[in-house]
There are 2 protein chains.
Amino acid sequence: MGQILLDLAVLGLLRDTPLHGYELKRRLADLGFWRVSFGSLYPGLKRLERQGFIESLRDGGRKRTYQLVPAGQAHFEHLLIEETNTTEDERHFHLRLAFFRYLDGDTRIKSLDRRRNELVERLADSRRSMRLANGRGRERPDRYAKALMERGVRSTESDIAWLDQLIAAERSEQASPSSAEQSQGETQWAK
Amino acid sequence: MGQILLDLAVLGLLRDTPLHGYELKRRLADLGFWRVSFGSLYPGLKRLERQGFIESLRDGGRKRTYQLVPAGQAHFEHLLIEETNTTEDERHFHLRLAFFRYLDGDTRIKSLDRRRNELVERLADSRRSMRLANGRGRERPDRYAKALMERGVRSTESDIAWLDQLIAAERSEQASPSSAEQSQGETQWAK
DNA sequence: GCAGCAGTATATCGGTTCGATATAGTCTCG
DNA sequence: CGAGACTATATCGAACCGATATACTGCTGC
């Protein structure tokens, strides 16, 4: 699981502009999905350089600037559309969303659709195992176990509804590509 | 971060009954929060034994049965009520909930309250950084970045509301401890 | 002008985690 | 009885993480 997240995030951030490791860490934190430690970041950057996806160069002092090379951009795009199961780790999917601007509309919709299918399947699983747990006689789940299961179901339902909105918005923009990018979500589902 | 989750889950499961490693892995998976691999589980069990929290004994073949010892039970209870920040990793909090039956009402409410405060704080942070991102002129966030932020806010809000229900239910049971354990959540917020 | 402190920046270490894989015993059913 | 699925434990290499070491820069106040 691990390094896919790191690779995707680092390559995605470097796609726009070269950065120092330190600044990279700050922006990684700003993305908000997970907190990378230096113990992961610097070895990870070394690995990415070894793999030929990025280049680093010292500028004067001990600072190092990292920048994407073409092979890295290709790898980034691969990671962005790759068909891995993202149900297990929603951070993976959310990170993709954060870089969705680099994908065309069709690919976006395909990706959103696939995620939706995964969630629908998960929802069915959850409901099934809830019925099972409540059904069998001896030792039914306690109040908190039940609350936890119900929360899971509700949050999956709400994620599916969210995806439906994203898909609809994407479709409607594809139909009339003139309407502005930035005013899309504001009225549609403001608090 | 890491081994707290494993320790809490393993000790919690062993609290009820001794188990084999394999069965432990299955029940860990049933909890649904994360999937432990053998490469984590067996070394982890070794560590817990080294630390004096569990004991293992071979039964005939190559099977090993792991059981809790008193020091382990004490450690489990410590992990269950310890005041760590659970905002960063919600699996930690949910795992606690799964073992809430081992805590008394007051401790439960304290724990739920603390979690609620953390979420309220996070909510304020999210809203603040959203305003910031929308406010500053150059390069406003794209549609998906915005959707992501809004989803975060809504899901935190809904988690807070959920906690409010759990707290209310706990309080009402403390007031009238006669009413049954198992019929609590069913009518209150069934689909 | 320089002492002190906060922030920038890179690096490494030990312990831990994970996915893959090896190995072998058991159960089932045709 | 033998093939295939499942139970069960173990280990390897690569990666990850938290803590910590190191050192430079910039600024603030006296």
Side-chain angles (χ1 to χ4, degrees), chain A residues 1-11 13-14 18-30 33-51 53-67 75 79 82 84-86 88-89 91-92 95, chain B residues 1-11 13-14 18-30 33-51 53-67 79 82 84-85 88-89 91-92 95:
Chain A
M1 179 83 55
Q3 84 262 47
I4 294 180
L5 233 55
L6 184 68
D7 288 10
L8 190 54
V10 166
L11 298 177
L13 287 175
L14 291 182
L19 290 169
H20 294 156
Y22 199 81
E23 173 69 12
L24 209 36
K25 176 172 157 58
R26 191 186 295 107
R27 299 207 186 186
L28 251 21
D30 285 349
F33 305 120
W34 89 119
R35 46 279 126 190
V36 206
S37 68
F38 287 123
S40 312
L41 179 59
Y42 284 115
L45 287 170
K46 265 187 191 165
R47 177 175 47 78
L48 285 169
E49 186 162 23
R50 181 164 24 92
Q51 293 173 326
F53 295 142
I54 61 175
E55 261 177 21
S56 79
L57 36 103
R58 301 206 103 96
D59 50 352
R62 95 215 81 270
K63 281 180 163 186
R64 247 173 210 292
T65 303
Y66 297 91
Q67 63 178 326
H75 186 52
L79 290 175
E82 190 192 14
T84 55
N85 188 331
T86 58
E88 310 284 335
D89 189 0
R91 293 174 304 173
H92 189 172
L95 195 49
Chain B
M1 174 87 55
Q3 83 262 48
I4 294 180
L5 232 55
L6 184 67
D7 288 11
L8 190 55
V10 166
L11 298 177
L13 287 175
L14 291 182
L19 289 170
H20 294 156
Y22 199 82
E23 174 66 13
L24 210 37
K25 178 175 156 55
R26 193 186 294 107
R27 299 206 187 188
L28 252 20
D30 285 350
F33 306 120
W34 90 118
R35 45 281 126 187
V36 207
S37 67
F38 288 122
S40 312
L41 180 58
Y42 285 115
L45 287 170
K46 266 187 191 164
R47 176 174 49 76
L48 285 169
E49 186 163 22
R50 182 164 24 92
Q51 292 172 326
F53 295 141
I54 61 175
E55 261 178 19
S56 79
L57 36 102
R58 302 206 101 96
D59 50 353
R62 94 219 82 267
K63 282 180 162 185
R64 246 175 210 291
T65 302
Y66 298 91
Q67 63 178 326
L79 290 176
E82 191 192 15
T84 55
N85 188 332
E88 310 284 336
D89 189 0
R91 293 174 304 172
H92 190 172
L95 194 49

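Just so we're clear, the structure is a prediction, and the values are computed from it rather than from any experiment. Every chain is numbered from 1 and lettered A, B, ... according to where its sequence line falls, protein lines coming before strand lines. Every heavy atom of this structure was used, including side-chain atoms; hydrogens, water molecules and symmetry mates were not.
As a whole-Å value, the separation of B/K25 NZ from D/dC6 P is 15 Å. Look at CD1 on A/I4: it is 12 Å from P on D/dA15, rounded to the nearest Å. Atom NZ of A/K63 and atom P of C/dA11 are 14 Å apart (whole Å). Distance CZ (B/R35) to C1' (C/dA20): 17 Å, rounded to an integer number of Å. Rounded to an integer number of Å, the gap from CD of A/Q51 to C1' of D/dA14 is 11 Å. One interatomic measurement links the two molecules: CG of B/L45 to C1' of D/dA10, which rounds to 12 Å at whole-angstrom precision. Taking atom CG of B/L6 as the reference point, atom C1' of C/dC18 lies 12 Å away to the nearest angstrom. If you measure from atom OH of A/Y22 to atom C1' of D/dC24, you get 13 Å, rounded to the nearest angstrom.
Summary of the strand contacts: A/R62 and A/F38 both lie near DNA chain D, and taking for each the nucleotide with the nearest heavy atom, the more 5' one is attributed to A/F38. Where A/Y42 and B/R47 meet DNA chain C, the nucleotide closest to each residue was compared, and A/Y42 sits on the side nearer the 5' end.
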Pair B/L6, B/R47 - check side chain to side chain contact (heavy atoms under 4.5 Å, CB included), show working.
CA-CA 11 Å; B/L6 184 67; B/R47 176 174 49 76; 4.0 Å; yes

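At least one side-chain heavy atom of A/D89 sits under 4.5 Å from a side-chain heavy atom of A/L5. Between A/V36 and A/L24 there is no side-chain heavy-atom pair separated by less than 4.5 Å.
The side chain to side chain donor-acceptor pair (under 3.5 Å) search around A/H75 returns none, not counting sequence neighbours.
For B/R58, counting side-chain heavy atoms from C-beta on, the closest listed nucleotide (C/dA11, D/dC16, D/dT9) is D/dT9.
For A/R26 and A/E23, the salt-bridge test passes: some basic side-chain N is under 4.0 Å from an acidic carboxylate O.
At a threshold of 4.0 angstrom between heavy atoms, the contacts of A/G21 are confined to the sugar-phosphate backbone, with no base atom among them.
Note on A/R26: a side-chain N or O is less than 4.0 Å away from OP1 or OP2 of C/dT8. Considering only side-chain N and O atoms, B/K46 lies under 4.0 angstrom from the phosphate OP1 or OP2 of D/dT11. In this model, the phosphate group of D/dT7 is not approached by any side-chain N or O of B/R64 to a distance below 4.0 Å at OP1 or OP2. Contact check, B/S37 against C/dT17: no side-chain N or O comes under 4.0 Å of OP1 or OP2.
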